[in-house]
Amino acid sequence: MPDSDYRVAQVRSAFAAALTGDGPAGAWVPPSPEALAPLFPAYEIEALLGRGGMGAVYRARQKSLDRLVAIKLLPFELGVHEDFAERFRREATALARLSHPHIVAVHDFGQADDGHYFMVMEYVAGSDLAARLHAGPVPPDEALAVVRQVCEALEFAHGQGVVHRDIKPGNILLDTQGRVKVTDFGIAQLAGDEPRTALTVTGALLGTPEYVAPEQMRPAAAVDHRADIFSVGVMLYELLTGQLPRGVFRPLAQLVPAARALDRVVTRALQSEPGRRYAGMREMSAELAVCDRRRRPRLPWLAAVLIAAALGGVAVFVWRAPAPPRPALPPAPEPFVNSLGLRLVPAGTPGVFFAAQQTRVQDFEAFAKTAQVWPGDSIYVNYDGTPEGWQTAPLSWGDPGFPQTAMHPVVGVSQLDATAFCEWLTEHERKSRRIGAADFYRLPTDAEWSIAAGLAIDVHDPAGIFIWRGPFPPPPEAGNFAGEELREDERFARYPVIAGRRDAHRFTAPVGAYPPNAHGLHDLGANVSEWLHSDDPGRAQMRGANWWDSAASSLDAGKRRTHPRSMRAFTSGFRIVLVRPSAP
Amino acid sequence: MSSGQRFQPTRWSLVSRATQADAPAARAALDELCRLYWQPLHAFACRAGFSPADADDATQSFLAEFLRRERFGIADPQRGKLRTFLCTAFSNHLRDLNRRVATSARGGAVPHVSLDAEQHDRNSPLDPADPQDPAREFDRAWALATMNAAVARLESALAERGKAGTLAPYRSFLGIDAGGSEDYAATARTLGVSEGAVRVNVCRLRKDFRAALFAVIADTLDDPTEEAIRAEVRALIEALGA
């Protein structure tokens, strides 16, 4: 792009704005009710009820229905962060799914004309459980009554596929009758979401540390409805004792003898291993109901029998009931063949489709012909396998120094080349309407690659396991690595190969020459190392071993190689993924 | 991402701190940087009196020599900023060229060019206005190249998030395009969204642009602290204002 496209004065002011436009978001002042009025003509804004880090809440009267509502406003600066806007949207979506007497109802959601995101919710006159706790521990009967209602609300939410993930006293509203309303589903996990941990990409903690389950703190650990069970356990303990159950905490029976019966419930809910907690809210509710019944020994005889029968019935039902309903699995998406003839298949990450094969020479050729590619003047080669052996040679992806056909995987391409390839293909296929306007190609992320390879998301380096799931050395069908055949090339005569292994491919193998993995992906973890997507401006990682690798440490399934994004080597290629946000 | 890696090298720090062992990485990083900042070097040569064609050759020969030298055994964190380093190195290169031209073709048809030349090429693709100092022209072109790189980075970041077309209607709000108006209401009407949505998007894109600009600049610094990046932005603003 010629420089004349930019007017000097404008660039100057763009730079100046970049220097100044980063004030802290904490400066937000909630608009006064008067200032808000013109933006919400259907409501009379009565008062600002309060503000917190995540917004301000107003009491308002909906003129058409003459009812009180609460309007929650997301601070403008937070709305600008997609993360926060998304959380706010998520809360509205979650609440809209949940019509339950113990869950705050949402009436409307949107963006006001001044840019503020807002949510109109049911108004609950009263206070919250945190305020109640300020007055000291809660008597066991009252605590039980509150927690049982919370359990009821969460049992319903879980049944709808919603996990709250931030249960704490501040999010439990109490109306003037003592009825419970669960609120603040801002970080809820909805059915169909990828399981997320308490940490966002920016590293900010989601949830409140004192109450979140241990798995919510672990990066990349799966979090399900049992995280809420843990949080309810923390809250119950706190209600009864006025203390948080930290570290090795004292049993309830020691602190509150009257609540001895609840010890078992708290202990089970607070198991750090989700599998050792209650399987579902319903099971926890039932046990709380039993405790509740035991706490009322002097009830009239008939009533006691009736209640016992009813609760017993519930309990019996619970023990026989299957696990709480989980969101149904979406139908398996169809494989997709793109304009280059590459098959893209689901590989464990929803909405992300992996190319069944590594990108071929012919694919890259099609790209290089039509797009402007910096050809480069050399690639890295290494004929002796030592770290010092790397040297540049005047070669390129078109001629990497060994024979290849159009069906061989392209090598000698940088991560920048591979990224440009993805952008080119996206543009090309969007234009020809082969993919939707929101669909795009990119390189896989580290986690996606692990999942596609059947590994844990956070598989470490080294993992001590191999892609073929057996011991070293690899069985013949595992893929293309450096066997004795490589030494037949005189440049590699002294190369340290995998002893006793001989495969048909001295250098790279044509894509798909070896059997696919469980997802139908060929050569994943072999043949050529694959560049990954990178958010780092300078460096990127590669996964998978290649035709040149022979050491067990290089073939380790957890192995990562970090390099400048612009590095081109005769061992590295790439595999693309297609992201279809609308796909199931 | 690999864990435990505290120091994230920039492209320039890879070059300036390189030892023989990591020459491959350094060379690739340098290659990338030279691709981005070719234009300022060319502008320097033009301002120094070279014709556009000769400036092409001078830039090309400089980069080829620079890239092939591979003297990465001498790590020198004192190299500081890529901008100042390249400016000095290129200036020396042009002096050498001049000297060679002068000795081999003294009195001939080959034009004698001087770095302090009063004349400048009005056909240069750059703004032909003052200043005449090649080094200042270099800085000015550097600032514009930085803008180009930042916009390209922003666009590719958006594309990676599946939002390839997002920037287009907002270019004038960000100072990327000349002309156009910063009329929120008009833009909202054109896009068929609320004015609030436009305001939020502009605000969001400004943040994204800032991140892209800082990242581009960080890559030219040896030790890209927040303060160092800000100082460089200020220097570029100054270069543009001259």
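In what follows, chains carry the letters A, B, and so on, assigned in the order in which the sequence lines appear, proteins first and then strands, with residues in each chain numbered from 1.
For chain B, the nearby part of A/Thr419 is the side chain; its heavy atoms alone come within less than 4.5 Å. Contact annotation for A/Leu416: only side-chain heavy atoms (C-beta onward) come within less than 4.5 Å of a heavy atom of chain B.
When each of B/Ala215, B/Ala157, B/Ala197 is scored by its heavy-atom pairs under 4.5 Å with chain A, the top score falls to B/Ala197.
For B/Glu160, there are no salt bridge (charged side-chain N to carboxylate O under 4.0 Å, His left out) partners two or more places apart in sequence or in a different chain.
A/Asp556 and A/Ser553 share no side-chain donor-acceptor pair at under 3.5 Å. With 3.5 Å as the limit, one finds a donor-acceptor pair spanning the side chains of A/Tyr441 and A/Glu429.
Applying the salt bridge (charged side-chain N to carboxylate O under 4.0 Å, His left out) test to pairs two or more places apart or on separate chains, those with a residue in residues 186-197 of chain B are B/Glu195-B/Arg199.
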